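These notes concern the structure reproduced below.
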Amino acid sequence: MALPKRTLPLSLHSPLSMEDCAARLEALAQPSEGFWRMHHHLGVERSGPDRFTLKRHAGRNLIAVAECALHPQDSGTRVQGTVSVHALTWFLPLVATVFVLPIHAIVMGGMFSDRPAQMALLIGGELALGGGLVAFLMTLSLRNRAALEQRVRTALEG
C-alpha cells in the first residue's frame with residue numbers, strides 16, 4: 001500500500017474577475033476564537049497582487065496549506081497552485097512509532113524480563129498503537145486538505 005501524496009495540484013477556472021477572486025479569497029479568513037475553536041482557524045496571506053496562501057488549522061500540526069496564483073483570462077480567472085499537508089503532521093507520529101514507543105515498551109518491559117511472551121505482547125501493542133495513531137492523523141490531515149480545497153473551489157466558482 002502506497003502512502004497518499006502530501007501535495008496535490010489545484011487548478012480551476014472561475015467566471016469571476018481577478019479582483020473578485022482576490023476579494024473572495026480574502027473573505028475566507030476566519031480568525032481563531034479561543035482554544036476550543038482552534039480547528040476552525042483559516043488564515044489567508046496575500047503575497048502579491050495575484051498570489052495567496054491559505055492555511056487551515058485542524059488542531060496542532062494538522063495544517064493544510066493551499067498556495068494559489070490567479071491568472072486573468074478573457075472569460076474569467078484561471079486559478080493554479082497546490083494544496084498540501086504540513087510535513088510534521090505525518091513525520092512526528094512516525095518518529096514516535098518507530099523510536100519512542102518501542103523504547104517505552106522496553107523500559108516498561110523490564111517488569112516482564114523473565115516472561116518473553118508478555119514482553120513481545122507489550123512491544124507489539126505499543127507498535128500497533130503507534131501505527132493506529134499515524135493512520136488516524138493521516139486521515140485527519142487528508143480530510144483537512146480536502147476541506148480546504150473545497151472551500152477554495154466553492155468560493156471561486158461563482
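For the numbers below, each heavy atom of this structure counts, side chains included, while hydrogens, waters and symmetry mates do not. Just so you know, these numbers come straight off a predicted model, no measurement behind them.
For Glu19, the side chain to side chain contact (heavy atoms under 4.5 Å, CB included) partners at least two apart in sequence or on another chain are Ser17.
With rounding to the nearest 0.5 angstrom, the CD atom of Glu67 is 8.5 Å from the NZ atom of Lys55.
A heavy-atom distance below 4.5 Å is not found between the side chains of Thr77 and Asp20. Considering only heavy atoms from C-beta on, Ser11 comes within 4.5 Å of Arg78 through its side chain. Using a 4.5 Å heavy-atom threshold, the side chains of Ser75 and His13 count as touching. Taking the side chain as every heavy atom from C-beta outward, Val152 and Leu10 approach each other to under 4.5 Å. Looking at Thr53 and Val65, their side chains come closer than 4.5 Å, going by heavy atoms from C-beta outward. Between Val85 and Thr7 there is no side-chain heavy-atom pair separated by less than 4.5 Å.
Across every non-hydrogen atom of Cys68 and Leu54, the tightest pair is SG-CD1, 4.0 Å. Phe52 and Ser47 get closest at one heavy-atom pair: N-OG, 4.4 Å.
Side-chain contact annotation: Gln150 with Thr154, donor-acceptor N/O pair under 3.5 Å present.
Counted within 6.0 Å of CZ on Arg46, heavy atoms from surrounding residues, nucleotides or ligands total more than 12; the atom is thus considered enclosed.
For Arg145 and Glu149, the salt-bridge test fails: no basic side-chain N is under 4.0 Å from an acidic carboxylate O.
Asn144 contributes a side-chain N or O that, together with a main-chain N or O of Arg56, makes up a donor-acceptor pair within less than 3.5 Å. With hydrogens and angles disregarded, a donor-acceptor distance shorter than 3.5 Å links the side chain of Arg24 to the backbone of Ala155.
Between Leu70 and the options Pro49, Cys21, Ser14, a side chain to side chain contact (heavy atoms under 4.5 Å, CB included) holds for only Cys21.
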